[in-house]
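All values derive from a computational prediction rather than experimental measurement. These numbers come from the heavy atoms of this one structure, side chains and all, not from hydrogens, waters or symmetry mates.
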Amino acid sequence: VAALLAFFALALRPNFTRRLVNAVVGRLAPAALRPRLIGLAEELLAGLEALRSARDLALTFLASILSWTVEASTYWIVLHAFPFGGSFFVVLLMVGLGNLATILPTTPGYVGTFHGIVALVLCAFGVISADAAAYAVVMHAVIWAPVTLFGALLLLRRGLGWRDFARAQRAVSAAVDSDDESEA
């Protein structure tokens, strides 16, 4: 809640936020990193622009609540397929920490970090580690496989393949390199 309120405040006062970022980056960051950090802050501010409109903010909030409710309900349903059960509080903790685990450097598909966090939460509430690990694997398959398969079907339907990813990556790298050269 505190982070959300901070984002709202930053979004509502972009000029203040720019001054604050420039002051903090100017004092704490090495000179070589300052332009890149200020550029990242500008991108963040551009992303926060959607929070300046009360209507857009309300729609974003409602969409977030709906999304998290669907995800938590999925965890809850899968949890009842196992003999150990658990409270909805445990489900919310797994959803929150499981999603936070995805920001850690990890393997593709978050294999390992997701499983470890979900199993750790269940073990903290008395579930045997083998059962907790089994739940984590099944839960991961339930939330990862449908999206991945649907994405693969869309790629095939559009006639795209792995080589297209490599071409896109080269195009983006070339664009970034030309931007860096034009700034220098």
Side-chain angles (χ1 to χ4, degrees), residues 1-12 24 28 37 40-41 43-51 54-158 160-162 164-166 168-169 172:
V1 171
L4 186 62
L5 292 175
F7 280 127
F8 291 159
L10 293 172
L12 292 173
V24 170
L28 300 178
L37 292 174
L40 287 172
E43 289 178 24
L44 178 63
L45 281 173
L48 291 174
E49 282 182 23
L51 301 178
R55 178 184 176 278
D56 291 342
L57 179 59
L59 289 173
T60 301
F61 182 76
L62 288 173
S64 294
I65 292 294
L66 179 62
S67 172
W68 282 89
T69 301
V70 168
E71 186 172 358
S73 297
T74 305
Y75 276 69
W76 179 252
I77 291 166
V78 172
L79 186 66
H80 284 332
F82 286 81
F84 48 81
S87 71
F88 201 67
F89 170 77
V90 173
V91 166
L92 294 177
L93 198 56
M94 282 189 294
V95 170
L97 293 176
N99 282 311
L100 280 174
T102 65
I103 66 172
L104 298 172
T106 186
T107 60
Y110 313 112
V111 173
T113 53
F114 174 84
H115 304 90
I117 293 294
V118 169
L120 184 67
V121 169
L122 287 172
C123 288
F125 288 92
V127 176
I128 298 168
S129 62
D131 291 343
Y135 172 82
V137 169
V138 170
M139 189 64 237
H140 191 236
V142 167
I143 60 176
W144 183 83
V147 173
T148 303
L149 292 174
F150 184 68
L153 288 173
L154 287 177
L155 285 174
L156 291 173
R157 193 166 179 214
R158 294 185 182 266
L160 298 172
W162 290 114
D164 296 304
F165 286 113
Q169 188 175 15
V172 168

Original post:
When rounded to the nearest 0.5 angstrom, what is the spacing between CG in Leu44 and CG in Leu40?
Top reply: 9.0 Å

Original post:
Ile128 and Cys123: which non-hydrogen atoms are nearest, and at how many Å?
Top reply: C-SG, 4.4 Å

Subject >> OG-CG distance between Ser64 and Leu59, expressed to the nearest 0.5 angstrom >> reply: 10.5 Å

**OP:** Any chance you could lay out the side-chain contact (heavy atoms from CB on, under 4.5 Å) test for Leu122 and Asp131, step after step, and finish with the verdict?
**Re:** CA-CA 9 Å; Leu122 287 172; Asp131 291 343; over 6 Å; no

**OP:** Taking all non-hydrogen atoms of both residues into account, name the closest pair between Ala119 and Ala133 and its distance.
**Re:** CB-N, 4.1 Å

Subject >> side-chain hydrogen bond (donor to acceptor under 3.5 Å, both in side chains): pairs with one or both residues in residues 113-128, sequence neighbours excluded >> reply: Thr106-Thr113, His115-His140

Original post:
Pairs in or reaching into residues 92-105: which pass side-chain hydrogen bond (donor to acceptor under 3.5 Å, both in side chains), with residues at least two apart or in two chains?
Top reply: Glu71-Asn99

**OP:** I would like to know whether Val91 and Phe88 meet side-chain contact (heavy atoms from CB on, under 4.5 Å); could you show each step before the answer?
**Re:** CA-CA 5 Å; Val91 166; Phe88 201 67; 4.2 Å; yes

Original post:
Does the side-chain contact (heavy atoms from CB on, under 4.5 Å) test come out yes or no for Leu153 and Arg157, once each step is laid out?
Top reply: CA-CA 6 Å; Leu153 288 173; Arg157 193 166 179 214; over 6 Å; no

Original post:
Could you state the interatomic distance from CZ (Phe114) to CG (Leu97), rounded to the nearest 0.5 Å?
Top reply: 11.0 Å

Original post:
How many angstroms lie between OG1 in Thr74 and CE in Met139, if you round to the nearest 0.5 Å?
Top reply: 5.5 Å

Original post:
CH2 of Trp144: more than 12 outside heavy atoms within 6.0 angstrom?
Top reply: no

Original post:
Can you name the residues that form a ring pair (Phe, Tyr, Trp, His ring centres under 6.0 Å) with Phe82, not counting sequence neighbours?
Top reply: Phe84, Tyr135

Subject >> Intermediate values then yes/no, side-chain contact (heavy atoms from CB on, under 4.5 Å), Ile143 and Tyr75 >> reply: CA-CA 9 Å; Ile143 60 176; Tyr75 276 69; 4.0 Å; yes

**OP:** Determine the minimum heavy-atom distance between Ala132 and Val127, stating which atoms define it.
**Re:** N-CG1, 3.8 Å

Subject >> Nearest atoms (heavy-atom pairs only) where Ala141 meets Pro146 >> reply: O-CD, 3.6 Å

Subject >> Spacing of Leu154 atom CG and Leu149 atom CG [to the nearest 0.5 Å] >> reply: 11.0 Å

Subject >> Atom pair CG/CZ of Leu66 and Phe61 - distance to nearest 0.5 Å >> reply: 12.0 Å

